[in-house]
Amino acid sequence: VVAAAAVVLIGLWVGYVQYRRTQRMHAIESKLPDALDLMARAMQAGHAFPSALLMVAKEWPRPIAAEFQTTFDEINFGASTQQALTGLSNRVASSELRYFVIALLMQRETGGDLADLLTTIAGLIRERQKLAGTVRVLSTEGRLSAWILVILPVAIAGAISLINPKFMS
């Protein structure tokens, strides 16, 4: 009995941690396009990349602010930008954030307008999120239809057996 209770408690704890992790990733991904737009505007105004990171860290809510603050601190304490961005990508398991990191690292090697790149990535992430929302709605509609088709015959059989038991037998 104690072992079963321990297994149930561990399962509940793992489920809770997974739920919180998913909520955190969703919070980061939902704020990322706006944070990138803020960084782009800051860079167009003449700020350097690290100070644009600091602006996001100071002006946005957690958890995205905490991650950008950590990245800024790593750069400020002497880590290369590549190391700090790779660390950000490793800490946050988000494909949208990985697009940002990869594009930024490629831009640092090849050159170009970083503010324009950030604006483009923000738009790309918004479009991906919009498409994912549409897919989620359409798949939810299909799942609801499947549940109705599974439950409907059982419900009708139950109703008929209550109304006319001889008919069902």
Side-chain angles (χ1 to χ4, degrees), residues 1-39 50 52-105 118 121-122 124-163 165 168-169:
V1 175
V2 173
V7 168
V8 168
L9 286 176
I10 290 171
L12 287 173
W13 177 254
V14 168
Y16 174 74
V17 169
Q18 187 67 26
Y19 170 77
R20 294 289 295 172
R21 181 175 185 256
T22 302
Q23 292 299 315
R24 182 176 184 274
M25 287 303 115
H26 178 69
I28 289 173
E29 288 176 348
S30 68
K31 300 287 185 198
L32 185 60
D34 295 329
L36 295 180
D37 280 338
L38 174 67
M39 290 176 64
L53 281 174
L54 184 61
M55 290 177 86
V56 172
K58 298 290 184 198
E59 296 181 20
W60 286 93
R62 292 183 60 89
I64 196 165
E67 292 299 335
F68 277 73
Q69 179 70 48
T70 302
T71 305
F72 171 77
D73 289 341
E74 288 176 357
I75 293 171
N76 202 29
F77 292 139
S80 70
T81 303
Q82 180 177 358
Q83 290 172 332
L85 290 174
T86 303
L88 174 65
S89 178
N90 291 337
R91 285 190 309 272
V92 180
S94 165
S95 60
E96 280 86 3
L97 192 75
R98 285 197 179 110
Y99 289 142
F100 160 66
V101 169
I102 290 169
L104 196 64
L105 292 176
L118 292 174
I121 293 172
L124 173 71
I125 292 171
R126 279 191 187 95
E127 290 300 316
R128 282 178 47 90
Q129 289 174 348
K130 190 175 172 184
L131 180 62
T134 303
V135 168
R136 189 171 31 256
V137 166
L138 293 175
S139 67
T140 301
E141 179 184 348
R143 284 194 304 268
L144 180 62
S145 296
W147 276 105
I148 289 171
L149 290 174
V150 166
I151 293 172
L152 190 61
V154 175
I156 290 175
I160 290 174
S161 68
L162 287 176
I163 295 171
M168 285 303 289
S169 61

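These numbers come from the heavy atoms of this one structure, side chains and all, not from hydrogens, waters or symmetry mates.
- Annotation: salt bridge (charged side-chain N to carboxylate O under 4.0 Å, His left out) contacts of Asp73 (sequence neighbours excluded): none.
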Show me the donor-acceptor pairs within less than 3.5 Å that the side chains of residues 32-39 make with the rest of the protein, sequence neighbours left out.
unit_1	atom_1	unit_2	atom_2	d
Asp34	OD1	Arg126	NH2	2.6
Asp37	OD2	Arg126	NH1	3.0
Asp37	OD2	Arg126	NH2	2.6

Donor-acceptor list for residues 143-150 side chains, cut-off 3.5 Å, not counting sequence neighbours:
unit_1	atom_1	unit_2	atom_2	d
Arg143	NH2	Thr140	OG1	3.2
Ser145	OG	Glu141	O	3.1

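- The side-chain heavy atoms of Leu118 and Phe100, taken from C-beta on, include a pair separated by under 4.5 Å.
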> Going through the checks in order, is the side-chain contact (heavy atoms from CB on, under 4.5 Å) test met by Met55 and Trp60?
Replying inline: CA-CA 8 Å; Met55 290 177 86; Trp60 286 93; over 6 Å; no
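- One distance of note links CG of Leu53 with CZ of Phe68; it measures 6.5 Å at 0.5 Å rounding.
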Side-chain donor-acceptor contacts of residues 75-82 below 3.5 Å, not counting sequence neighbours, with atom names and distances?
unit_1	atom_1	unit_2	atom_2	d
Ser80	OG	Gln83	N	3.1

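- When the side chain to side chain contact (heavy atoms under 4.5 Å, CB included) test is applied to Ser94, the partners found at least two apart in sequence or on another chain are Glu29, Val92, Glu96, Leu97.
- Checked against salt bridge (charged side-chain N to carboxylate O under 4.0 Å, His left out), Glu74 has the following partners two or more places apart in sequence or in another chain: Arg91.
- Taking both residues in full, the closest heavy atoms of Arg98 and Ser89 are given as CG-OG, 3.3 Å, listed atom of the first, atom of the second, then distance.
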Identify every side-chain donor-acceptor pair in residues 5-24 under 3.5 Å, counting partners at least two apart or on other chains, and give the distances.
unit_1	atom_1	unit_2	atom_2	d
Thr22	OG1	Gln18	O	2.9
Arg24	NH2	Glu67	OE2	2.3

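- Under the salt bridge (Lys or Arg N to Asp or Glu O under 4.0 Å) criterion, no residue pair touches residues 147-160, with sequence neighbours excluded.
- Here the closest non-hydrogen pair linking Ser30 and Ala27 is OG-O, 3.0 Å.
- Taking the side chain to side chain contact (heavy atoms under 4.5 Å, CB included) definition, one finds that Ala103 meets it with Leu117, Ile121, sequence neighbours left out.
- In plain terms, the two heavy atoms of Ile64 and Ile28 that are nearest each other are CD1-O, 3.8 Å.
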